[in-house]
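Take a look at the structure below.
Numbers restart at 1 for each chain; the letters A, B, ... are given by sequence-line order, proteins then strands.
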Amino acid sequence: MQENLAGTSKAIWADGRRALIEWYRVNHRALPWREKPHPYAVWLCEIIMQQTRIEQGLKYWHTFMNTWADVHALASAPLDEVLKAWQGLGYYSRARNLHRAAQTIAFERDGVFPRSATEWKTMPGVGPYTAAAIASICYNEPVAAVDGNVLRVISRYVDIKDPIDRPIGRKQVDTFTAQWIHPKEAGTHNQAVMELGALVCKPKSPLCPECPLESTCINAQPALGTTPIPPIKMGKTKVKTVNLIFNVVTNGTHVWMRKRPAKGIWGGLWEFPTQELSLGSELPEQPPSEAKILPTAIRSRSQWGEPFEHILSHRRLRCRFVVWHIESEPILDQGQWLSWQEAEAKARPRAIDRCWERLEKSCLTLDNL
DNA sequence: AAACCGGGGCG
DNA sequence: CGCCCAGGTTT
């Protein structure tokens with residue numbers, strides 16, 4: 001593959017690069033951080049957009065920019081408020097790392113952003129892709145930003161036969177892009193490859209006839225709807241099924257909630273006390289025994305919510321909540337009483353939010369208890 | 001090298 | 001229902 005970069009093919013890749021950048025200037029989507037790239041806006045955007053579609057992340061980016069206009073404001077905000085603004089986006093460690101990096105930049109670097117990709121990589125939450133993206137977009141440092149789009153586009157373009165989700169295929173993409181990156185317009189070039197992947201070189205049914213790289217692409221398809229072409233991928237880790245019972249303990253005005261530990265799934269978010277049922281067991285038809293969850297409750301009564309499913313990338317959650325109306329304070333391991341209004345203001349996982357919606361629908365919150 | 005870590009959208 | 005998304009961190 002490296003030898004393809006030498007000799008005659010080198011001129012071909014250069015032609016493709018020129019055509020690609022020209023295509024980008026005409027066809028790129030207008031995104032707010034593209035007009036005048038500022039490190040804060042670009043960094044924030046890159047963190048939010050990790051494993052996230054632009055359309056989904058865009059409103060979060062606006063919320064963050066409007067709420068915390070610069071790195072000092074973000075660094076001074078309570079982490080809980082940052083997590084609340086992040087609620088619903090997923091991968092919550094991104095929010096915690098974003099906040100930590102903001103504090104480093106604001107308090108230890110006096111507000112001075114890193115400049116090189118190498119320097120950016122020392123920030124929590126900033127890996128090889130994000131560091132290259134920021135350094136190239138903001139400073140035109142000639143480093144290749146390789147994301148999911150780039151892996152797909154390049155593996156097709158230079159016909160990589162090894163799985164790109166394994167080190168062997170990944171290395172070949174890195175080797176090519178490192179030499180292909182435009183020396184003077186790295187930011188435009190990187191964004192052009194990604195934009196091409198999003199708009200033209202799509203995972204299924206790529207639009208080869210519209211592609212600026214068609215004439216130099218080894219895998220270009222003559223017509224639409226033809227045989228799928230690389231990337232070759234190995235694989236998907238198996239999804240495990242877990243049964244969860246969310247215990248909504250309330251005395252009418254307040255609800256018992258607890259904050260999850262900072263690391264692990266849904267780190268730092270608030271939840272109802274949750275029981276994980278043993279693997280393979282069915283979701284029970286009857287509420288769990290009162291003694292197990294509310295050892296000291298007096299005169300409680302319970303109501304089932306209807307079962308629902310919540311899908312994560314690596315888990316299939318079969319969920320059900322049970323509402324415990326109690327008249328005395330429960331003794332639980334951790335957590336605290338929150339008014340429904342206070343609880344509403346806490347950052348919650350989507351699965352807990354699903355319970356919330358159903359509780360509201362059954363008029364169980366606030367008024368109608 | 002593989003697992004973990006969310007949530008949404010689309011064919 | 002499987003696949004993918006402007007990936008990084010931990011084991």
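Across the protein-nucleic acid pair, A:Asp165 atom CG and C:dC3 atom C1' stand 12 Å apart, rounded to whole Å. C:dA6 atom C1' lies 10 Å from atom CG of A:Asn190, rounded to whole Å. Between the CD1 atom of A:Ile164 and the C1' atom of C:dC4 there is a distance of 11 Å, given to the nearest Å. As a whole-Å value, the separation of A:Arg94 CZ from C:dG8 P is 11 Å. Spacing between atom CG of A:Asp174 and atom P of C:dG7 amounts to 14 Å, rounded to whole angstrom units. When the C1' atom of C:dG8 is taken as reference, atom CZ of A:Arg96 falls 12 Å away, rounded to whole Å. Note: OH (A:Tyr24) to P (C:dA6) measures 13 Å, nearest angstrom. With rounding to whole Å, A:Leu98 atom CG is found 14 Å from C:dG8 atom P.
Take A:Arg53 and apply the salt bridge (Lys or Arg N to Asp or Glu O under 4.0 Å) test, not counting sequence neighbours, and it matches no residue. A:Ser116 pairs by the side-chain contact (heavy atoms from CB on, under 4.5 Å) definition with A:Thr118, A:Glu119, A:Glu141, not counting sequence neighbours. Qualifying salt bridge (Lys or Arg N to Asp or Glu O under 4.0 Å) partners for A:Arg354, counting only residues two or more places apart in sequence or in other chains: none. Here A:Glu344 pairs with A:Arg348 under the salt bridge (Lys or Arg N to Asp or Glu O under 4.0 Å) rule; sequence neighbours left out. For A:Trp23, there are no ring pair (Phe, Tyr, Trp, His ring centres under 6.0 Å) partners, not counting sequence neighbours. Take A:Gln87 and apply the side-chain hydrogen bond (donor to acceptor under 3.5 Å, both in side chains) test, not counting sequence neighbours, and it matches A:Lys84.
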Find every protein N or O atom lying less than 3.5 Å from an N or O atom of nucleotides 8-11 of chain B, and list the pairs.
| unit_1 | atom_1 | unit_2 | atom_2 | d |
| --- | --- | --- | --- | --- |
| B:dG8 | OP1 | A:Arg350 | NE | 2.7 |
| B:dG8 | N2 | A:Arg53 | NE | 3.2 |
| B:dG8 | N2 | A:Arg53 | NH2 | 3.2 |

Within the sub-3.5 Å range, which N or O atoms of nucleotides 9-11 of chain C have a protein N or O partner, and how far apart are they?
| unit_1 | atom_1 | unit_2 | atom_2 | d |
| --- | --- | --- | --- | --- |
| C:dT9 | OP1 | A:Gly125 | N | 2.7 |

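Comparing C:dA6, C:dG7, B:dG7 by their closest approach to the side chain of A:Asn149 singles out C:dA6. Relative to the side chain of A:Ala198, the nucleotides C:dA6, C:dC4, B:dG7 differ in distance, and C:dA6 lies closest. In the set C:dC4, B:dG6, C:dA6, the nucleotide with an atom closest to the side chain of A:Pro203 is C:dC4.
Identified under the side chain to side chain donor-acceptor pair (under 3.5 Å) test for residues 62-73 of chain A, with sequence neighbours left out: none. Residue pairs meeting the ring pair (Phe, Tyr, Trp, His ring centres under 6.0 Å) criterion with at least one partner in residues 134-160 of chain A, sequence neighbours excluded, are A:Trp13-A:Tyr157, A:Tyr157-A:Trp180.
Regarding contacts with the backbone of B:dG7, a side-chain N or O of A:Trp266 is found under 4.0 angstrom from either OP1 or OP2. Taking side-chain N and O atoms only, A:His314 has no distance below 4.0 Å to OP1 or OP2 of B:dC4. Taking 4.0 angstrom as the limit, A:Gln51 places a side-chain polar atom (N or O) nearer than this to OP1 or OP2 of C:dG7.
Projected onto DNA chain B by closest heavy-atom contact, A:Gln50 and A:Pro167 fall at different nucleotides, the more 5' of which corresponds to A:Pro167. Sequence order on DNA chain B of the closest nucleotides to A:Ile265 and A:Arg166 puts A:Arg166 first from the 5' end.
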Quick one: side chains of residues 142-150 of chain A, donor-acceptor pairs under 3.5 Å with protein atoms, not counting sequence neighbours, listed by atom name and distance.
| unit_1 | atom_1 | unit_2 | atom_2 | d |
| --- | --- | --- | --- | --- |
| A:Asp147 | OD1 | A:Asn149 | N | 3.2 |
| A:Asp147 | OD1 | A:Val150 | N | 2.9 |
| A:Asp147 | OD2 | A:Asn149 | ND2 | 3.4 |
| A:Asn149 | OD1 | A:Arg152 | NH2 | 2.8 |

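Around atom CD1 of A:Ile311, more than 12 heavy atoms belonging to other residues, nucleotides or ligands sit under 6.0 Å away.
Side-chain polar atoms of A:Glu46 and A:Tyr129 form a donor-acceptor pair below 3.5 angstrom.
Ring-centre distance between A:Trp340 and A:Trp356: below the 6.0 Å cut-off.
For DNA chain C, the neighbouring residues in residues 26-39 of chain A, judged by any heavy atom under 4.0 Å, are A:Leu31, A:Trp33, A:Arg34.
In this structure, A:Ile48 reaches neither bases nor backbone, as no heavy-atom distance under 4.0 Å exists between it and the strands shown.
In the interface, the side chain of A:Ser313 is paired with the base of B:dG6 through a donor and an acceptor atom under 3.5 Å apart.
A:Arg96 contributes a side-chain N or O that, together with a main-chain N or O of A:Ala262, makes up a donor-acceptor pair within less than 3.5 Å.
Between the P atoms of B:dA3 and C:dC3, the separation comes to 16 Å (whole Å). Using atom P as the reference point in both B:dC4 and C:dA6, the two lie 25 Å apart (nearest Å). Taking atom C1' on both nucleotides, B:dG8 is separated from C:dT9 by 23 Å, rounded to a whole Å.
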